[in-house]
Chemist: 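What follows is a single structure, and I will ask about it in a moment.
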Amino acid sequence: QVQLVESGGGLVQAGGSLRLSCAVSGGTFSTYGWFRQAPGKEREFAARINWDGSITYYADSVKGRFTISREKAKNTVFLQMNSLKPEDTAVYYCAVRRLIAGEYDYWGQGTQVTVSS
């Protein structure tokens with residue numbers, strides 16, 4: 001069945017960088033996305049990419065600092081995070097959806113990113 005496994009989270013100082021990975025198995029999807037949820041806050045959208053990587057979209061909060069990409073041959077999605085801020089601290093989730101718009105169908109367990117000041 002479909003499974004998403006995130007990796008690459010950890011502890012980093014403000015201004016540093018991390019690269020998250022999401023290994024997807026069991027299918028190919030129209031949209032691949034990254035979301036995050038900080039303590040005491042709702043889950044929020046961070047970035048998405050379409051199947052062939054030709055279209056990307058970012059939340060204003062991460063625009064210019066984060067880059068989403070996908071390696072089609074390995075069905076793996078990446079999130080390169082630069083210039084990290086303490087407010088980026090959250091659990092980051094990878095998600096996919098069958099359609100080009102609407103609800104996401106499958107989610108990973110998440111990986112913790114902690115940015116110290």
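Keep in mind the model is a prediction, meaning the values are calculated, not measured.
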Chemist: Do any N or O atoms from the side chain of R19 and from the backbone of L79 form a donor-acceptor pair under 3.5 angstrom?
Modeler: no
Chemist: Considering only NZ, NE, NH1 and NH2 on the basic side and carboxylate oxygens on the acidic side, decide whether R97 and E103 come within less than 4.0 Å.
Modeler: no
Chemist: Determine whether a donor-acceptor pair (N or O, by modelled atom type, separation under 3.5 Å) exists between the side chain of E71 and the backbone of N75.
Modeler: no
Chemist: Is the shortest heavy-atom distance from the side chain of F66 to the side chain of L84 under 4.5 Å?
Modeler: yes
Chemist: Counting only N and O atoms by type, is there a donor-acceptor contact under 3.5 Å from the side chain of T76 to the main-chain atoms of K74?
Modeler: yes
Chemist: I need the T31 OG1 to Y57 OH distance, nearest 0.5 Å.
Modeler: 13.5 Å
Chemist: Do V77 and Y93 belong to the same hydrophobic cluster, where Ile, Leu, Val, Met, Phe, Trp and Tyr are linked whenever their side-chain heavy atoms lie under 4.5 Å apart, directly or via other members?
Modeler: no
Chemist: When you group the ILVMFWY residues by side-chain heavy-atom contacts below 4.5 Å and let the links chain together, are V62 and V12 in the same group?
Modeler: yes
Chemist: So if you build clusters from Ile, Leu, Val, Met, Phe, Trp, Tyr with side-chain heavy-atom gaps below 4.5 Å, do W34 and V91 land together?
Modeler: no
Chemist: Are Y92 and Y58 connected, step by step, through hydrophobic side chains (Ile, Leu, Val, Met, Phe, Trp, Tyr) whose heavy atoms are closer than 4.5 Å?
Modeler: yes
Chemist: When rounded to the nearest 0.5 angstrom, what distance separates OH in Y32 from OG in S69?
Modeler: 13.0 Å
Chemist: Output the distance between atom CG (D52) and atom NZ (K72), rounded to the nearest 0.5 Å.
Modeler: 6.0 Å
Chemist: Looking at A14 and S117, what are the two nearest heavy atoms and their distance?
Modeler: CB-CA, 4.5 Å
Chemist: Nearest heavy-atom pair of R65 and S83: which atoms, and what distance?
Modeler: NH1-O, 3.0 Å
Chemist: If two hydrophobic side chains count as joined below 4.5 Å and joins carry through other members, does I68 share a cluster with L4?
Modeler: yes
Chemist: Judged by atom type as modelled, is there a donor-acceptor pair below 3.5 Å linking the side chain of R43 to the main-chain atoms of R36?
Modeler: no
Chemist: Is a side-chain donor-acceptor pair under 3.5 Å present for N50 with R70?
Modeler: no
Chemist: What I want to find out is whether D88 reaches K85 closely enough, with some N-O distance under 4.0 Å, to be called a salt bridge.
Modeler: no
Chemist: Could you check T89, L11, L18 and say which one makes a side chain to side chain contact (heavy atoms under 4.5 Å, CB included) with V113?
Modeler: L18
Chemist: Kindly compute the distance separating OH (Y106) from OG (S25), expressed to the nearest 0.5 Å.
Modeler: 11.5 Å
Chemist: For the OG atom of S30 and the CZ atom of R48, what is their distance to the nearest 0.5 Å?
Modeler: 12.5 Å
Chemist: With sequence neighbours left out, write down each residue that passes side chain to side chain donor-acceptor pair (under 3.5 Å) with Q109, or none if nothing qualifies.
Modeler: none
Chemist: Any chance you could measure Q13, atom CD, to S116, atom OG, to the nearest 0.5 Å?
Modeler: 5.0 Å
Chemist: Before we go on, tell me: are the rings of F35 and F45 under 6.0 Å apart, centre to centre?
Modeler: yes
Chemist: Any luck finding a side-chain donor-acceptor pair between R98 and Y104 under 3.5 Å?
Modeler: no
Chemist: Kindly say whether C94 contributes a backbone atom to a donor-acceptor pair with the side chain of E6 at under 3.5 angstrom?
Modeler: yes
Chemist: Run the numbers on T28 and W51 for side chain to side chain contact (heavy atoms under 4.5 Å, CB included), then give the verdict.
Modeler: CA-CA 8 Å; T28 303; W51 179 80; 2.7 Å; yes
